[in-house]
Participant: 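Quick one: this structure, given as structure tokens, is what I'll be asking you about.
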Amino acid sequence: MFGNLSALPADPILGLLAKYRTDSNPNKIDLGVGVYKDESGVTPILDCVKAAEKFRLDSEDTKVYIGPTGSPLFNDEMSKLIFSEHKVLEQNRARTVSTPGGTGALRVGAEFLASCKPGATIWVSDPTWANHTGLFQAAGLIVKTYPYYDYENKSLKFEEMMSTLASVGRDDIVLLHACCHNPSGMDLNQEQWQKVVALTKENGFTPFIDMAYQGFGDGLDEDAYGVRLMADNVEEMVLASSCSKNFGLYRERIGACTIIGKDTVTTEIANSVLLKVVRCIYSMPPAHGAAIVETILSSDELRQQWFDELAVMRNRINGNRQLLVDNLKAQGVNRDFSFINTQKGMFSFLGITPEQVQLLMDDYSIYMVGSSRMSIAGIADSNVEYLAKSIAKVL
Ligand code: LMR
């Protein structure tokens with residue numbers, strides 16, 4: 001049976017991590033996988049997480065099965081974080097399940113949508129997160145793209161995006177990034193969200209929003225603008241969210257999939273299908289990450305501590321953007337890289353060729369995805385000069 005298989009290349013993002021770890025160059029820089037790093041290159045465990053884990057260690061009293069929905073308190077707190085005091089919560093039209101990470105949420109959401117309409121088409125931005133396509137295809141959806149990032153002008157192809165989406169109809173799904181677009185860092189502004197939402201309503205396609213970075217762009221509420229506006233205006237939508245980045249819980253694998261239906265009755269029916277999807281993939285989600293998040297979000301003190309720690313991560317990433325732009329200038333680079341400072345979240349494209357990306361890796365031990373996507377959190381005061389110098393050399 002196994003003899004029929006051909007070897008697949010390493011994952012374009014995760015493969016870099018393995019290479020970086022075995023590189024012995026003391027100057028190596030990891031701008032590959034999207035994880036937050038502090039000034040010393042460490043991905044720290046947040047203090048609020050440590051406190052919540054301590055509380056859990058003392059208070060947990062059973063390891064019995066949790067059920068396909070996961071923890072009701074986590075689901076409730078996550079819905080409030082995402083939607084705030086939104087009418088979909090008041091109207092009892094949202095159902096959330098805890099999932100193994102944001103990827104689990106995307107897969108559950110995709111399988112749910114495939115149950116609604118087998119073989120449906122999902123439209124994703126060009127470009128999008130490298131794993132979206134494979135993940136949606138694995139769920140049986142057909143993947144098509146809409147124009148999004150203009151590599152030439154480092155801007156959004158908004159008009160082209162809208163004219164492609166204008167031809168998308170009721171039976172299709174459109175995937176949108178809530179904030180901190182991965183890989184481009186190029187987000188829709190509020191006015192553009194309003195236009196996308198109006199088109200969604202008019203054409204009737206189903207919005208599927210991926211919110212992997214709430215709080216990493218402008219703030220928790222600001223980053224949820226598009227999600228809340230969409231929920232205000234459409235009858236049905238699906239949302240995948242992640243606690244990997246904003247709570248720093250990467251390896252705990254905790255995220256959430258939320259469905260919104262047009263009324264309580266149809267939402268309840270849809271929820272039964274969602275739970276069946278979960279049961280048939282992994283039966284029930286892991287509990288530990290959810291317990292940490294619900295402990296933080298339901299305590300005034302820990303919640304405030306998390307807001308503060310999240311702001312530190314967000315501000316450091318934003319500061320790194322400016323730092324790189326300044327250092328490139330200081331190295332006498334003529335090309336205009338100021339766009340890096342206007343983009344949001346963990347990533348930006350540096351805008352160099354795949355050959356130059358390869359040179360940076362081979363000759364300077366600087367690791368980024370072949371598309372020149374950089375994980376901005378890997379930049380630090382201590383390495384930015386070397387980084388800018390190396391970029392200047394390969395240009
Ligand atoms: C990334 O895009 O680097 C992150 O979302 C991590 C991943 O799983 O790819």
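Computed from a predicted structure; not experimentally measured. In listed order, ligands and their atoms are each counted from 1. Computation of the quantities below employed the complete heavy-atom set of this structure, encompassing side-chain atoms and omitting hydrogens, waters and symmetry-equivalent molecules.
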Participant: Is the shortest distance from a heavy atom of R373 to ligand 1 less than 4.0 Å?
Facilitator: yes
Participant: Out of all atoms in ligand 1, which are within 4.0 Å of some heavy atom of V33? Include the element for each.
Facilitator: 3 (O), 6 (C)
Participant: Taking NZ, NE, NH1 and NH2 as the nitrogens, is one of them in K157 or D126 under 4.0 Å from a carboxylate oxygen of the other?
Facilitator: no
Participant: Would you mind running through ligand 1 and noting each atom that sits below 4.0 Å from a heavy atom of Y213?
Facilitator: 5 (O)
Participant: Counting from 1, what ligand 1 atoms have a heavy atom of K245 closer than 4.0 Å?
Facilitator: 4 (C), 5 (O), 6 (C)
Participant: For the pair K37 and D30, find out whether any cationic side-chain nitrogen is under 4.0 Å from an anionic carboxylate oxygen.
Facilitator: yes
Participant: What atoms of ligand 1 come within less than 4.0 Å of a heavy atom belonging to I13?
Facilitator: 2 (O), 3 (O), 9 (O)
Participant: At a 4.0 Å cut-off, with the gap strictly under it, does some heavy atom of N131 reach an atom of ligand 1?
Facilitator: no
Participant: For atom 3 (O) of ligand 1, what's the nearest protein heavy atom and its distance?
Facilitator: G34 N, 2.7 Å
Participant: For ligand 1, which is the ligand I care about here, please tell me if L14 has any N or O atom under 3.5 Å from one of the ligand's N or O atoms.
Facilitator: no
Participant: Starting from atom 8 (O) of ligand 1, what is the nearest protein heavy atom, named by residue and atom, and what distance separates them?
Facilitator: W129 CZ2, 3.6 Å
Participant: With rounding to the nearest 0.5 Å, note down the distance linking NE2 in H177 to CG in D210.
Facilitator: 6.0 Å
Participant: Have a look at ligand 1 and work out which part of N182, if any, has a heavy atom under 4.0 Å from it: side chain, backbone, both or neither.
Facilitator: side chain
Participant: Can you tell which of I173, T145, T164, L175 makes a side chain to side chain contact (heavy atoms under 4.5 Å, CB included) with W123?
Facilitator: T164
Participant: To the nearest 0.5 Å, what is the distance between CD on E159 and CG on D150?
Facilitator: 12.5 Å
Participant: Establish, yes or no, whether the cationic atom of K144 lies under 6.0 Å from the six-membered ring centre of F205 and within 45° of the ring axis.
Facilitator: no
Participant: Got F158 and N189 here, is their nearest side-chain heavy-atom distance under 4.5 Å?
Facilitator: no
